[in-house]
Amino acid sequence: MIKYALRRLLSTIPVLWIAVTACFFVLRLAPGGPFDGERPLPPVILKNLAIHYNLDKPLIQQYLIYVGDLLRGDLGPSFASEDFTVAQQIMIGLPYTFTIGTAAFVLAIIIGVAVGCLGALYQNKTPDYILGALILVGVVLPNFLIAPILQLIFGIHLAWFPVGGWGDGSIKYLILPIVVLALPHAGRISRITRGSMIEVMNQNFIRTAKAKGIGPRLTVMRHALKPALMPVVSYLGPAASYLLTGSLVVESIFGLPGIGRYFVNAALNRDYGMVLGTVIFYMVLIVFLNLLVDIAYAWLDPKVRNR
Amino acid sequence: MNQFTKKFLASAMLGTLLAFSAHAATLNIHNGGDPQSLDPQKLSGDWENRIAGDIFEGLVTEDAKDNPVPGQAESWTISPDGKVYTFKLRDGIKWSDGQPVTAGDFVFAFQRLVDPKNAADYAYLQFTIKNAEKINKGEITDLNQLGVKAIDEKTLEITLENPTPYFLNALMHYTAYPLPKHVVEAKGQDWVKIGNIVTNGPYKPVEWVPGSHVTTVKNDQWYGAKDLKIDGAKFFVLEDQEAALKRYRAGEFDILTDFPTDQYEWMKKNLPGQAHVAPFSGLYYYVINSTKPPFADKRVRQALSMAINREVIGPQILGTGELPAYSWVPPGTANYGEPAYVSWKDLPYKDKVEEAKKLLKEAGFGPDHPLTAELKYNTNDNHKRIAVAIASMWKPLGVNVELVNAETKVHYDQLQRGEVQIGRAGWLADYNDPDNFLNLLVTGVQMNYGRWSNPEYDKLIKDGNAETDLKKRAEIFKKAEQLALDDSAALPIYYYVSKNVVSPKIEGFVDNIQDIHRTRWLSMKE
């Protein structure tokens with residue numbers, strides 16, 4: 001398994017290199033530069049800035065400098081935040097994004113699997129319809145709509161939770177963003193679980209279990225849940241990437257200092273170093289998460305394990 | 001002392017500290033974007049100025065109304081030719097680490113600002129100082145040639161290239177703040193990191209979480225620390241104005257530095273007296289490319305300008321009542337008096353449209369021979385609404401407008417390249433003086449996006465800036481402004497307003513034309 005994981009990781013290096021190279025040149029070709037803005041800078045200042053950031057050099061030389069720094073583990077400077085390097089900013093934002101993302105991920109799985117199982121058990125009965133409708137709301141309503149509604153109800157009118165900010169990181173600050181981030185994924189997981197569970201429940205080994213007189217709850221927990229979770233696991237890879245790399249909307253609405261906002265802001269600011277830094281970070285993370293999903297798959301399915 | 005007693009005493013002390021901190025007056029400000037740096041020579045935005053102006057102080061500082069008042073300098077004299085300023089520093093001024101602030105710290109800061117190696121974005125704001133521009137351009141390499149000298153530890157002499165009546169205003173800008181030479185030299189680029197940074201303003205930064213907030217606390221070494229009513233501030237990063245307003249309503253913010261304009265009516269009813277909308281030293285305008293036909297024709301430019309119904313834009317399109325602009329310099333600008341206005345300012349709108357039609361017809365355009373134009377603006381709901389409205393105002397003249405939007409970087413790149421027929425632009429004053437606006441129309445200036453050029457105008461601006469008598473200078477500038485307006489050099493649309501929301505528990509917040517509200521002038525009711 002370790003060999004497999006290492007091979008997988010090594011095989012991503014050329015992909016990463018191609019992505020970084022493409023991103024580097026596309027960014028430089030995009031119109032507008034990092035120092036364009038409502039207040040144009042005098043040529044002398046622009047020249048000084050270009051020298052300071054090596055932007056005065058030919059493009060290929062800039063690229064070689066960047067790759068050279070990258071190989072030494074240096075993601076370079078950020079144009080928009082001069083007091084922190086790109087790596088420092090990512091490291092500062094990471095704990096916030098990971099805390100919210102991990103909690104939302106766990107919550108989404110718990111709610112999604114539980115609701116999906118209940119839906120399957122009460123298939124086409126009232127609880128199934130009610131849960132189905134609620135889940136549909138969670139999936140269909142975008143988080144930029146749900147977030148302000150929850151802020152208004154639970155933050156302003158009921159004053160149960162702060163409307164935004166990280167505060168001291170206590171749970172009361174985190175509940176609303178976690179819920180908003182988790183809801184759509186919980187909805188999708190529940191739909192996948194429900195469908196998969198119904199399919200599994202109709203299989204022969206479940207009929208056998210039932211025939212032996214095992215109750216429905218025990219049948220689900222002991223026999224049906226594990227195989228029913230296989231499709232859910234395939235969904236967890238992309239879901240985890242999304243949640244753990246942060247949500248721009250949720251971090252923006254709740255004023256959270258995570259890295260989700262970096263990418264878009266950096267692209268708009270033509271903050272070349274920051275864009276490339278976040279691209280590299282996301283890619284490495286996605287590779288790692290996909291690897292974890294594959295390992296989980298192997299654990300769940302002996303056929304995969306023995307392959 | 002047994003373990004229990006120790007724990008009890010520790011808990012009691014912690015409790016007392018927490019109780020104390022609970023009563024400490026901390027100001028929570030919604031500050032918009034993330035600061036680029038805490039180094040005053042690396043800043044460019046008003047959200048950064050709010051922090052920098054609280055933690056640093058220049059020779060001259062601003063009062064609650066944004067008038068220049070003595071800061072680190074207790075007094076100054078100006079030579080008869082208006083070129084040499086001599087500042088006497090206050091006694092006992094210190095950095096937050098207790099080291100004295102000396103004239104040498106100012107010399108060091110100004111030299112660092114103009115040193116091309118440091119690539120300070122805003123160095124050009126101090127180009128009025130002798131040799132500043134030449135040093136920044138690399139034409140002079142000896143930094144000691146800069147016109148800033150320490151006569152002794154307490155006396156600083158600044159020599160200017162030319163007399164500059166707004167120089168004291170420019171000294172309020174963060175580019176003129178001193179730097180702690182002893183820390184910058186010891187720590188290099190890291191001098192500005194929390195833990196290293198020392199400041200000379202009323203407050204000092206103690207925490208910075210990028211993307212979240214900057215926290216400041218009272219600087220006990222500042223000469224007026226005992227009079228400060230606010231113990232510190234938290235400047236929150238949050239660009240979503242809707243979310244910021246919700247957090248204000250929940251009591252999480254005491255001041256919002258901007259708000260969604262469509263909420264203004266709601267706020268007037270539900271948060272009476274809390275939304276402050278006040279004149280702001282800024283102009284929203286359209287540039288018009290006067291180098292290429294058909295806009296090279298003055299009649300076309302004037303017709304387009306006359307047909308803009310400015311009276312409806314502030315109240316109806318924006319909803320916050322921005323005043324219509326018929327001058328190039330906003331009223332209330334220092335060293336100026338009443339600005340010059342377009343001659344047709346007071347005509348009824350109907351007559352303006354008729355006159356515009358006539359002018360266009362003379363220029364060869366009309367419903368039978370429509371004028372087509374491309375109007376570019378940067379992506380923003382308000383810019384879009386205004387562009388749509390103005391395009392519809394031009395429609396009756398037989399002008400067909402194609403609206404083109406682009407993100408800010410692309411838009412300004414196009415403006416600078418002159419790749420625009422008509423384009424949206426805006427200007428917020430860096431310092432309170434008419435020159436800051438009039439300079440935008442001088443030939444060859446980068447911000448002269450419409451490439452309008454008039455040698456007489458250029459000469460008047462040059463003459464005005466060489467004039468030391470403020471009254472005569474204002475007259476010269478007004479002639480220049482009238483010239484530009486008569487020629488429809490660009491199309492002024494409205495004067496900006498500042499938009500703050502201030503909690504009723506905050507006292508001392510005074511609306512002013514530069515929208516500067518330092519924490520040291522504020523207090524908080526229990």
Over-ring placement of A:Arg270 relative to A:Phe35, 6.0 Å and 45° cut-offs: no
Check: B:Asn436 side chain, B:Asp430 main-chain N or O, donor-acceptor pair, under 3.5 Å: yes
Exam field: side chain B:Asn118 to backbone B:Ala120, donor-acceptor pair closer than 3.5 Å: no
Region of B:Asp190 in contact with chain A, defined by heavy-atom distances below 4.5 Å: neither
Side-chain heavy-atom pair B:Arg112, B:Leu143 within 4.5 angstrom cut-off: no
Greatest number of heavy atom pairs closer than 4.5 Å to chain A - which of B:Ala119, B:Pro35, B:Gly426, B:Ala425: B:Ala119
Proximity breakdown for B:Lys234 and chain A, heavy-atom pairs closer than 4.5 Å: neither
Most contacts with chain A, counted as non-hydrogen pairs under 4.5 angstrom, among B:Val445, B:Val209, B:Thr408: B:Val209
Under 4.5 Å from a heavy atom of chain B, the part of A:Pro43 involved: both
Ring-face cation contact, B:Tyr284 with B:Arg424, 6.0 Å cut, 45° max: yes
Segment of A:Ala80 engaging chain B (4.5 angstrom heavy-atom cut-off): backbone
Options B:Asp240, B:Asp34, B:Asn136, ranked by heavy-atom pairs under 4.5 Å with chain A, top entry: B:Asn136
Contact check, side chains of A:Leu256 and A:Pro177, non-hydrogen atoms, under 4.5 Å: yes
Segment of B:Leu415 engaging chain A (4.5 angstrom heavy-atom cut-off): neither
Flag, side chain of B:Ser37 to backbone of B:Lys42, donor-acceptor distance under 3.5 Å: no
Contact origin within B:Tyr248 toward chain A - heavy atom pairs under 4.5 Å: neither
Side-chain donor or acceptor of B:Asn31 paired with backbone N/O of B:Trp47 under 3.5 Å: yes
Top of B:Ala123, B:Ser212, B:Pro210, B:Ala243 for chain A proximity - count of heavy-atom pairs under 4.5 angstrom: B:Pro210
Top contributor to chain B interface from A:Gly164, A:Ala147, A:Pro34 [non-hydrogen pairs under 4.5 Å]: A:Gly164
Contacting region of A:Leu46 [heavy-atom separation from chain B under 4.5 Å]: side chain
Structural part of B:Phe127 lying under 4.5 Å from a heavy atom of chain A: side chain
Part of A:Ile51 within contact of chain B (heavy atom distance under 4.5 Å): neither
Under 4.5 Å from any heavy atom of chain B - which part of A:Tyr96: side chain
Plane angle bin for A:Tyr272 and A:Phe79 - parallel if under 30°, tilted between 30 and 60°, otherwise perpendicular: perpendicular
Per-residue contact mode, B:Lys193 against chain A (heavy atom under 4.5 angstrom): side chain
Side chain to side chain donor-acceptor pair (under 3.5 Å) evaluation trace for A:Ser78 with A:Gln89: CA-CA 9 Å; A:Ser78 158; A:Gln89 284 198 70; 3.3 Å; yes
Chain A contacts, top residue of B:Glu407, B:Arg417, B:Gln416 (heavy-atom pairs, under 4.5 Å): B:Glu407
Selection from B:Asn378, B:Val237, B:Val192 maximising heavy-atom pairs under 4.5 Å formed with chain A: B:Val192
Within 45° cone of A:Phe24 ring axis and under 6.0 Å: A:Arg28 NZ or CZ: yes
